[in-house]
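Below is one structure; the comments refer to it alone.
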Amino acid sequence: MTSTPSDLPATMLSTSKRALRSALKKTIKTIPPTSIASQSQTVYQTLLTLPEYTTSQSLSIFLSMPSTEIQTTPLVRHALESGKRVYVPYIRPPPRIADDAPPAAPAPGVMDMLSLSSIADLESLSRDSWGIPTIPEESVDNRRNVIDEMIRARECGREVEGLDLVVMPGLGFDTRRNRIGYGKGFYDFWLERYRVRGLGRVEGEGEERRRGMPRLVAVALGEQVLEEGAIPVGEKDWKVDVLVVGDGRVIR
C-alpha cells in the first residue's frame, strides 16, 4: 500500500523530513544498548509468528547496523535454516539513466537484493563503514539478483517468481505505517524498480500501484514510532503493510 501524499510543496516537504530525521537520530542515540537488544528479541519472536513470515518462501531481509536499530541477524539465520530463499541488500554505483530508466536512480547508488546461500555465507560477510555486514563486490556476479531473475522470466514467458516478503528498516514511522528513511531513497527506488522492471507494470496509482508487490513488513524500536500522521510523505514514498515494534505492538 502506498502513502497518502502530503499537500506540502516539495521544498517544504524536504525541509520537514530533514528536521524530523535530525530529531529521530538524536532520540535513537539516547537508547541504551540493553534496550535495543531486548526490543530486538521481542521483534524477532513476533516475526516468527507473523503470517507474512511463516507463509513466505522467498524474502529479503535487511542486515542491521550494530547499535542503532533492530538487530536482524537471528531472523536471517532462522530463514536460512527454514529453507527460505533469502536475499539481502547490496548497494552498487548508480547506472547511467538510459540503462535503468524509468525511474531515475538516487544519487548515492542503487540497491539490489542479492541471494544469500547459507549461514556460512552470512558469517563470511565483512562489515562496511556503517558496521553493516556487506556482500563483497567480487561475489556479486555469482549471486541471484531478484529483479534480474524476474526480468528474465518475463522475457522467456515463464511465471515470474518474485519475493513474498520484504523486511525493511526505517529511521522513523507513524501509527498509519508511513515511513521515513535516512534520506538516500534506496528502498523507495528499489520498490519502484521491482514494480516497473520486475513486474513490468509502468502504470498504476494507489492500491493499483501495490498489486503484485511483496508484503512490506518494517521493524522498529518503540522510540522510532510516532503518533498518527507525524511522518511527512510524498508521492514516491511507500507505506509499509505491517509495522512490528520492539514494545510488542503489531500495527496493520
Side-chain angles (χ1 to χ4, degrees), residues 21 24-25 28-29 31 33 36-37 39-40 43-44 47 53 56 58-82 84-96 99-100 105-150 162-163 165-172 179-194 197-198 214 216-221 224 238 240:
R21 288 189 182 102
L24 283 164
K25 287 177 182 177
I28 293 169
K29 283 183 179 179
I31 305 174
I36 293 176
Q39 293 192 58
S40 294
V43 166
Y44 171 64
L47 284 168
Y53 177 74
S56 67
S58 181
L59 73 162
S60 71
I61 308 173
F62 76 98
L63 299 176
S64 310
M65 292 184 283
S67 61
T68 58
E69 59 188 354
I70 293 294
Q71 300 300 292
T72 59
T73 298
L75 184 67
V76 177
R77 288 177 173 274
H78 185 274
L80 289 167
E81 290 172 347
S82 301
K84 298 179 186 290
R85 296 189 299 278
V86 177
Y87 295 79
V88 296
Y90 174 78
I91 309 300
R92 60 180 171 83
R96 298 192 309 272
D99 287 345
D100 209 47
V110 175
M111 183 175 74
D112 280 320
M113 293 296 178
L114 303 183
S115 60
L116 200 62
S117 62
S118 65
I119 290 176
D121 190 13
L122 170 66
E123 292 176 341
S124 73
L125 303 182
S126 299
R127 294 183 180 271
D128 65 11
S129 59
W130 291 78
I132 301 171
T134 302
I135 287 174
E137 183 178 359
E138 59 270 20
S139 75
V140 168
D141 291 342
N142 298 322
R143 298 177 185 269
R144 298 189 306 276
N145 179 321
V146 67
I147 291 179
D148 287 350
E149 287 185 322
M150 294 169 71
L163 297 177
L165 170 64
V166 176
V167 178
M168 57 196 295
L171 183 57
R179 171 187 177 271
I180 185 169
Y182 288 84
K184 306 299 185 183
F186 289 135
Y187 272 89
D188 290 321
F189 178 66
W190 181 82
L191 289 166
E192 199 63 15
R193 285 176 61 227
Y194 186 102
R197 294 174 61 79
L216 308 182
V217 173
V219 297
L221 300 162
Q224 292 179 283
W238 285 77
V240 300

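These numbers come from the heavy atoms of this one structure, side chains and all, not from hydrogens, waters or symmetry mates.
Closest approach of P214 and L165 over heavy atoms only: CB-N, 3.8 Å. When every heavy atom of T68 is checked against every heavy atom of M65, the shortest pair comes out as OG1-CE, 3.5 Å. The minimum heavy-atom distance linking L171 with Q224 is given by the pair O-NE2, 3.1 Å. Residues L24 and G172 approach most closely at CD1-CA, 3.8 Å, considering heavy atoms. Taking both residues in full, the closest heavy atoms of I135 and V140 are given as CG2-CG2, 4.2 Å, listed atom of the first, atom of the second, then distance. The two residues L59 and A79 have their closest heavy-atom pair at CD2-CB, 4.3 Å.
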Working for side chain to side chain contact (heavy atoms under 4.5 Å, CB included), residues L122 and V88: CA-CA 10 Å; L122 170 66; V88 296; over 6 Å; no

Decide side chain to side chain donor-acceptor pair (under 3.5 Å) for Y53 and H78; before the verdict, give the C-alpha distance in whole Å, the side-chain angles of both, and the deciding distance to 0.1 Å. CA-CA 11 Å; Y53 177 74; H78 185 274; 2.7 Å; yes

Side chain to side chain contact (heavy atoms under 4.5 Å, CB included) for K184 and F189? Distances and angles first, verdict last. CA-CA 9 Å; K184 306 299 185 183; F189 178 66; over 6 Å; no

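With R143 as reference, D121 is the one residue of D148, D112, D121 to meet the salt bridge (charged side-chain N to carboxylate O under 4.0 Å, His left out) rule.
Considering only heavy atoms from C-beta on, P136 comes within 4.5 Å of L125 through its side chain. At least one side-chain heavy atom of E192 sits under 4.5 Å from a side-chain heavy atom of W238. Within the 4.5 Å cutoff, the side chain of P89 has heavy atoms near those of the M113 side chain. When side chains are defined from C-beta on, V219 counts as touching F62, because their heavy atoms get closer than 4.5 Å. Between T134 and I91, the closest side-chain pair of non-hydrogen atoms is not below 4.5 Å. Using a 4.5 Å heavy-atom cutoff, the side chains of L47 and V217 are in contact. At a threshold of 4.5 Å between non-hydrogen side-chain atoms, the residues R179 and M168 count as touching. The shortest side-chain heavy-atom distance between Y44 and Q71 does not fall under the 4.5 Å cut-off.
Counting only distance, with no hydrogens or angles, the side chain of R193 and the backbone of M111 share a donor-acceptor pair below 3.5 Å. For the pair S64 (side chain) and E69 (backbone), a donor-acceptor distance under 3.5 Å is absent. Within the 3.5 Å criterion, the main-chain N or O of G181 finds a donor-acceptor partner in the side chain of R21.
Rounding to the nearest 0.5 Å gives a distance of 11.0 Å between OG of S118 and CD of E81. If you take CG on N145 and CZ on R92, they are separated by 7.5 Å, rounding to the nearest 0.5 Å. Here CG of L63 is found 9.0 Å from CZ of R127. Values are rounded to the nearest 0.5 Å. Taken to the nearest 0.5 Å, the CG atom of L116 stands 15.0 Å off from the NZ atom of K84.
Not counting sequence neighbours, the partners of Y194 by the ring pair (Phe, Tyr, Trp, His ring centres under 6.0 Å) test are W190.
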